[in-house]
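Because only heavy atoms are used, hydrogens play no part in the values below, and waters and symmetry mates are left out as well, while side chains stay in. Quantities reported herein were computed from a predicted structural model and do not represent experimental measurements.
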Amino acid sequence: MARFDFSDDLCPPNRYREMYMVINLTFCGTWAGIFPFWAKCSLANSLSSCDQYVKNNPDKFREAYWAIKSVK
């Protein structure tokens, strides 16, 4: 768990209000979506990109989800 102890004059607590946590499940992204990796993937035979595979096969990602026990 990350923890940062800053003094109030350096990072006043009133600057940290109304923030949102975004949890993103990126299927292709920087690593998996790049061509050298995708070209080696056995699924790449009929599709030219990771994005195209995800777009054309939504059923393959039906069980892709986060199971988050808690957020503190």
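Lys60 pairs by the side chain to side chain contact (heavy atoms under 4.5 Å, CB included) definition with Tyr53, Asn57, not counting sequence neighbours.
Hydrophobic clustering, with ILVMFWY side chains joined whenever heavy atoms are under 4.5 angstrom apart, keeps Trp66 apart from Val22. Put simply, Ile23 and Tyr20 are part of two different groups of oily side chains (I, L, V, M, F, W, Y) that touch within less than 4.5 Å, one to the next.
No side-chain heavy atom of Val54 sits under 4.5 Å from any side-chain heavy atom of Gln52.
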